[in-house]
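The structure appears right after this line, and notes come after that.
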There are 2 protein chains.
Amino acid sequence: MSKRPLPAKRMSYRTRKHRSPDGLPTDICIFTINSQSRNTKTKSLPTKQLAVLLIKRKSTTFGEQWALPGGFSKENETLDEGAYRELKEETNIDRDVHIEQLRTYYKPGRDPRGWIPSVAYVSLVHEDLLKHVRADDDASEARLFPIDEALHLNLAFDHCDILTDALARVREKMLQTNIAKAFLPDEFTLSELLQVIETVVPAFKVSDRGNFERRLLSTTRRQGILEPVLSGDGQPLYSTEYSNSPAKLYRFTDYTPTPMIY
Amino acid sequence: MSKRPLPAKRMSYRTRKHRSPDGLPTDICIFTINSQSRNTKTKSLPTKQLAVLLIKRKSTTFGEQWALPGGFSKENETLDEGAYRELKEETNIDRDVHIEQLRTYYKPGRDPRGWIPSVAYVSLVHEDLLKHVRADDDASEARLFPIDEALHLNLAFDHCDILTDALARVREKMLQTNIAKAFLPDEFTLSELLQVIETVVPAFKVSDRGNFERRLLSTTRRQGILEPVLSGDGQPLYSTEYSNSPAKLYRFTDYTPTPMIY
DNA sequence: GTAATAGTGTCTCTGAGACAGTATCTC
DNA sequence: GAGATACTGTCTCAGAGACACTATTAC
């Protein structure tokens, strides 16, 4: 502990002669799932890939390196509003998407321009809303990278750390909450759901699709996470989008159990 | 979206004429568990209470109101270091305790002194390390409040929101991770563990103590969360601190399963 | 014996997972 | 019939929870 008494931490702001941060940007990890339809003889599920949106920096600092999208927050907006504004500016999305604060990053020197912490956000966006961002356009400003590729890029600032943490957060919440809905249409089949989970969390392996189904639907503990989509006369609705055999459609309810270790 | 082109968000810091934050304090929700031994005829478990440390502000802003401890972070330290420094200054604790970032709060006007976001932290501290903070000393600067009482105080700033979020975080992690260890000695009995969980999460109710025990020890899914404490010759150690009937001592291992809803 | 905690025994019903089988529909 | 997905049947063993019971030890 310091020898001299510290400048009292409850001293009024106006009398402080402290230096204060040079800005408080929000940086956003925008995740999406990229579907690629396979060329099969009959209808089939597309292959999916978890991807993240990066932009190419054009400034002198970290010029030409890829970085997370983001920008400085403003005094007259909340941090969430700032992040959402940046998300919109970067993607042109103009409706509600999943966005949550991850945490704030600062260590001395993380930004060569000065004392600039970063409030990191995580956003999950359905691929339909990012159609205009081409995954393979190398000349563009913004691009979707498969997550493994992104992690091996030499990202600007400490964005590699942020991305790593963000991915861990998404994987955790994918198994513990119903955020899978961010990557799914309102109504989906169990195979689609399973595929999304497996795409985001490769470690999640289900040996038997049928058992997954039973577990989700016939376990009292999980009762009510999903509900079948019914037509007007109470009959379940089916989809034949990805298979010739009609598959029941489900949707998420508002109910999410809290899973626990004890 | 604004009509005029925004000042390019990747414009170099030195050329920006933006206003920047007036400081970036860390505020810490320091939780502990307060034990009070009951006056019973034989040895018994103490009653426990979840409590949070608050300090009485003495500045002009929010003078005399209770608030979360905290203080301005500095340019040459990480946010975690700043929070830990404040924790130490406030409590005189000088060893590792559980501390984690919650999230950062800002909305216009949250601090009358200016543009001052707050990086909130959550810390869990064993009561033995807070012995010098008396829970019932009304004249003191710092005081422990039972959590329900604290939530009904008119706290300074948006500290009530922060505390609410912090409590939710602690409750969630209490069930999903082994943070209970922060409130327990290294070696503890199953009754102590159960009591800590029930104290932090009142909704967690176990009808039958014996079933709790079996679940924790004889379920393959939970195998390895706890391990019995063994003496030199491989015999389990027992405690008679809270009961005449010796109770087996356990400790947490490093293993924590990821609970999931699917 | 009493008080307070620590545990065991046993029973029932749910459920997880393995494996095999059938169904649907298009080409 | 091939191909891809969508289920259903059945068996086994683990496990959650209810309830009742015994054990330990200081007083």
Side-chain angles (χ1 to χ4, degrees), chain A residues 35 37-48 187-196 198 204-226 228-229 236-250 257 259-262, chain B residues 35-48 175 187-196 198 204-226 228-229 236-250 257 259-262:
Chain A
S35 295
S37 54
R38 290 181 295 155
N39 214 14
T40 48
K41 310 210 170 177
T42 71
K43 288 179 189 172
S44 64
L45 290 159
T47 58
K48 300 199 173 176
E187 306 173 352
F188 51 86
T189 67
L190 291 180
S191 291
E192 286 179 276
L193 170 60
L194 179 55
Q195 211 197 1
V196 165
E198 287 180 342
F204 183 89
K205 275 287 167 230
V206 175
S207 54
D208 182 322
R209 237 249 13 189
N211 286 336
F212 174 72
E213 175 159 356
R214 247 186 307 230
R215 229 164 57 203
L216 240 64
L217 301 175
S218 59
T219 304
T220 51
R221 217 183 84 234
R222 297 182 240 251
Q223 276 296 354
I225 299 180
L226 299 182
V229 180
L237 285 181
Y238 290 85
S239 158
T240 54
E241 190 174 357
Y242 300 118
S243 126
N244 292 321
S245 182
K248 262 206 195 87
L249 284 169
Y250 293 90
M260 39 182 117
I261 67 171
Y262 295 112
Chain B
S35 295
Q36 200 135 13
S37 55
R38 290 181 294 155
N39 215 13
T40 48
K41 310 210 172 178
T42 69
K43 288 179 190 172
S44 64
L45 290 160
T47 57
K48 299 198 174 176
L175 299 179
E187 306 173 352
F188 51 86
T189 67
L190 290 180
S191 291
E192 286 179 276
L193 170 59
L194 178 56
Q195 211 196 0
V196 165
E198 285 179 344
F204 183 88
K205 275 289 167 226
V206 174
S207 53
D208 181 323
R209 238 246 16 188
N211 286 337
F212 174 72
E213 175 161 359
R214 248 185 309 229
R215 228 164 57 202
L216 241 64
L217 301 174
S218 60
T219 304
T220 51
R221 216 182 86 232
R222 297 182 241 251
Q223 277 296 355
I225 298 179
L226 299 181
V229 180
L237 286 180
Y238 290 85
S239 159
T240 55
E241 190 174 358
Y242 299 118
S243 123
N244 292 321
S245 182
K248 262 207 194 88
L249 284 169
Y250 294 90
M260 38 182 118
I261 66 170
Y262 295 111

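Below, chains carry the letters A, B, ... as their sequence lines are ordered, and counting in each starts from 1.
- Residues that satisfy the salt bridge (Lys or Arg N to Asp or Glu O under 4.0 Å) test with B/Glu241, not counting sequence neighbours, are absent from this structure.
- Applying the side-chain hydrogen bond (donor to acceptor under 3.5 Å, both in side chains) rule to B/Thr220 yields no partners; only residues at least two apart in sequence or on another chain are considered.
- Partners of A/Arg209 by salt bridge (Lys or Arg N to Asp or Glu O under 4.0 Å), not counting sequence neighbours, listed by chain and number: A/Glu213.
- With sequence neighbours excluded, no residue satisfies side-chain hydrogen bond (donor to acceptor under 3.5 Å, both in side chains) with B/Ser207.
- B/Asn244 pairs by the side-chain hydrogen bond (donor to acceptor under 3.5 Å, both in side chains) definition with nothing, not counting sequence neighbours.
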Shorter than 3.5 Å, N or O on both sides, protein versus nucleotides 1-4 of chain C: list them out with atom names.
residue, atom, partner, partner atom, Å
C/dA4, O4', B/Thr42, OG1, 2.9

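- A search for side-chain hydrogen bond (donor to acceptor under 3.5 Å, both in side chains) contacts involving B/Ser218 returns nothing, not counting sequence neighbours.
- Here B/Asn211 pairs with B/Asp208, B/Arg214 under the side chain to side chain contact (heavy atoms under 4.5 Å, CB included) rule; sequence neighbours left out.
- A search for side chain to side chain contact (heavy atoms under 4.5 Å, CB included) contacts involving B/Tyr242 returns B/Leu45, B/Pro46, B/Glu192, not counting sequence neighbours.
- The interatomic distance linking A/Asp208 (CG) with C/dG21 (C1') rounds to 12 Å, in whole Å.
- Residues of residues 210-223 of chain A that place a heavy atom closer than 4.0 Å to DNA chain D, in numerical order, are A/Glu213, A/Arg214.
- Contact check for A/Phe188 versus A/Leu226: side-chain heavy atoms found under the 4.5 Å cut-off.
- Of all nucleotides in DNA chain D having an atom under 4.0 Å from a heavy atom of chain A, the first and last in 5' to 3' order are D/dG3 to D/dT10.
- Scored by the salt bridge (Lys or Arg N to Asp or Glu O under 4.0 Å) test, B/Glu198 finds no partners at all (sequence neighbours excluded).
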